[in-house]
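See structure below.
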Amino acid sequence: MRTCIVGAGSIGSLFAGHLATVTDVVVLTRRAEHARALNEHGLRVSGRHDFTARVTAAADPRDLSDFDLGIIATKANGVEAAAESLRGRFAGATMMTVQNGLGAEEIMRAHGDWPLVSAVTFMSGTKHSDSHVEYILDTPTWLGPYGDTSFERVQGIAQLLVDSGLKAEALPDLLPAQWSKLIFNATVNGVAALTGLPHDEHFAAEGELGDLGHLVHELVEEGKRVAAGDECARDETRERALPLDARGRRRAPADRGRVDQRCPRA
C-alpha cells in the first residue's frame, strides 16, 4: 500500500505522519520549500502521540510515483486545483476526500474516474512548522463509499487508519455524517465567531434562560430543517446533529439509521 496525502495543513499532516508508520507515504504540498522541509527533517507529530515519521514530499504531481490511496486534505476551496493537478494521473488509485461540507466528491469526479471514498474527520491539530504538527483532538474520521466504490474498500482504508494510530469508522452511507458535520460547523463556528468563546461548556449550557446552549440548539434545529428540505434527512441525523455534550464537546455517533434513497448520489 502506498498513500499520497494531497495538502499538508494540520489535518493532512496528521494523516501523513500517522500513516507513514504503517505504509509508504508521499505528500503533495503547495510550496516547494514545504516539500524540502519534509524531505530534510521528516514530519514530527507531538501531542497525543510523539514521533517523527519519514515521508517523501513534492510540490509537483509530475514528481510523484504511482500510489494506491490518495487522501485529498486541502481546504474545501483547494479541491478544484488539487483535482486538476491530478487529472490524467494515478489511474489505479482510490481518492478519498476529507473536506467539511458537501460536494468535494463531485469536484473530484469531474476531473477523473478514480474510485472515490467520502470522509469527514473530527480530529484536530496545530501546525507549528512545515515539519511539525501537534495532535490535539483524537476524535474519529468517518468514511463511506461514493458511487460504485465497494464498502469492503472503505473498510480496508478505515482499518489502515486504525492501524496507524488514528480513530476511524466505516459507514455504509456517509451522507448523514456529512450533514451532521456541516450543521455542527455552521452552528458552533458561527456562534464562536460572534461571541469570541472557545468550544467549551458554554455551548451546551441551558440551565438559565439566557444560556448560550439555547441558541446553539435552535441553530442545530434550523440546520436539520435545511437538511430535510433537501430531502437528505435521516433518522440518525437527529442524533448526529446534536453536537455537544455537557462539556461542550461533540458527541460520538449514536446509531447508523437507514439510507433515504431519494438523496442524490453520483
Side-chain angles (χ1 to χ4, degrees), residues 1 3 5 7 9-23 25 45-51 53 69-76 94-102 104-105 116-126 133-146 149 151-189 199 203-204 220 234 236-257 259:
M1 170 69 77
T3 302
I5 310 299
S10 297
I11 297 301
S13 295
L14 288 171
F15 278 123
H18 284 86
L19 285 169
T21 66
V22 294
T23 185
V25 168
V45 176
S46 62
R48 298 277 181 171
H49 299 148
D50 198 339
F51 61 89
L69 171 65
I71 298 179
I72 312 302
T74 64
K75 296 291 188 183
T94 296
M95 301 292 182
M96 183 172 86
T97 57
V98 295
Q99 284 69 32
N100 295 325
L102 305 169
E105 303 93 343
L116 297 177
V117 172
S118 305
V120 292
T121 188
F122 294 92
M123 68 176 174
S124 70
T126 298
V133 62
E134 182 181 359
Y135 188 17
I136 296 176
L137 288 180
D138 60 345
T139 36
T141 296
W142 297 337
L143 52 157
Y146 184 85
T149 303
F151 186 54
E152 289 73 23
R153 177 59 174 147
V154 175
Q155 290 175 307
I157 296 170
Q159 187 59 55
L160 181 68
L161 294 175
V162 170
D163 291 344
S164 78
L166 298 172
K167 295 179 180 177
E169 183 177 359
L171 303 174
D173 183 81
L174 194 72
L175 197 55
Q178 289 175 304
W179 269 104
S180 175
K181 183 70 183 294
L182 177 60
I183 292 169
F184 171 72
N185 283 351
T187 298
V188 176
N189 293 346
H199 296 179
F203 285 73
V220 167
R234 306 285 194 276
E236 66 178 316
T237 302
R238 181 171 183 82
E239 288 298 324
R240 290 186 184 276
L242 292 176
L244 302 171
D245 63 18
R247 296 181 62 187
R249 300 173 302 186
R250 197 193 186 287
R251 294 176 183 168
D255 58 34
R256 294 293 167 266
V259 175

Check: Below 4.5 Å, heavy atoms only, C-beta onward: do Val117 and Tyr146 meet side chain to side chain?
Finding: no
Note to self: For a 4.5 angstrom cut-off between non-hydrogen side-chain atoms, does Ile157 reach Leu143?
What the structure shows: yes
Note to self: With a 4.5 Å cut-off on side-chain heavy atoms, are Lys167 and Phe122 touching?
What the structure shows: no
Margin query: For Leu161 versus Ser164, what's the shortest heavy-atom pair and its separation?
Written below: O-OG, 2.6 Å
Check: Between Trp142 and Lys181, is any pair of side-chain heavy atoms under 4.5 Å apart?
Finding: no
Next item on the list: Provide the closest heavy-atom pair for Gly12 versus Ala73 in the form atom of the first, atom of the second, distance.
Entry: CA-CB, 3.6 Å
Margin query: Looking at every heavy atom in both Phe151 and Pro172, which two are closest together, and how far apart are they?
Written below: CE1-N, 3.6 Å
Next item on the list: Verify side chain to side chain contact (heavy atoms under 4.5 Å, CB included) between Leu160 and Leu19, making sure each step is shown before the conclusion.
Entry: CA-CA 8 Å; Leu160 181 68; Leu19 285 169; 3.8 Å; yes
Item checked: Separation between CG of Leu175 and CG of Leu102, rounded to the nearest 0.5 Å -> 6.5 Å
Check: Measuring from Asn100:CG to Phe184:CZ, what's the distance to the nearest 0.5 Å?
Finding: 9.5 Å
Next item on the list: Determine the minimum heavy-atom distance between Ala177 and Leu171, stating which atoms define it.
Entry: CB-CD1, 4.3 Å
Checklist line | Considering all heavy atoms, the nearest Ala158-Ala168 contact | finding: O-CB, 3.8 Å
Checklist line | Ser13 side chain to Gly9 backbone, donor-acceptor under 3.5 Å | finding: yes
Checklist line | Candidates Val133, Thr3, Thr141 - the one meeting side chain to side chain contact (heavy atoms under 4.5 Å, CB included) with Phe15 | finding: Thr141
Margin query: Would you say that Pro140 contacts Met123 through its side chain, given a criterion of any heavy-atom pair below 4.5 Å between the two side chains?
Written below: no
Next item on the list: Kindly determine whether Val154 and Glu152 satisfy side chain to side chain contact (heavy atoms under 4.5 Å, CB included), including the steps that lead there.
Entry: CA-CA 5 Å; Val154 175; Glu152 289 73 23; over 6 Å; no
Check: Which pair of non-hydrogen atoms, one from His49 and one from Gly165, has the smallest distance, and what is that distance?
Finding: CE1-O, 3.2 Å
Margin query: Let me confirm one number: the CG-CZ distance from Leu69 to Arg153, rounded to the nearest 0.5 Å.
Written below: 6.0 Å
Margin query: Counting C-beta onward and ignoring hydrogens, is there a side-chain heavy-atom pair between Arg48 and Ile136 closer than 4.5 Å?
Written below: no
Next item on the list: Answer whether the closest heavy-atom distance between the side chains of Gln99 and Thr74 falls below 4.5 Å.
Entry: yes
Next item on the list: Report yes if some heavy atom in the side chain of Thr97 is under 4.5 Å from a heavy atom in the side chain of Leu116; otherwise report no.
Entry: no
Checklist line | Verdict with supporting geometry, Glu134 and Thr126, side chain to side chain donor-acceptor pair (under 3.5 Å) | finding: CA-CA 5 Å; Glu134 182 181 359; Thr126 298; 5.0 Å; no
Next item on the list: Quick one: pull up CG in Leu174 and OG in Ser118 and give me the separation to the nearest 0.5 Å.
Entry: 5.5 Å
Margin query: Looking at Met1, is its backbone amide N or carbonyl O close enough to the side chain of Thr23 to form a donor-acceptor pair, meaning the two atoms are under 3.5 Å apart?
Written below: yes
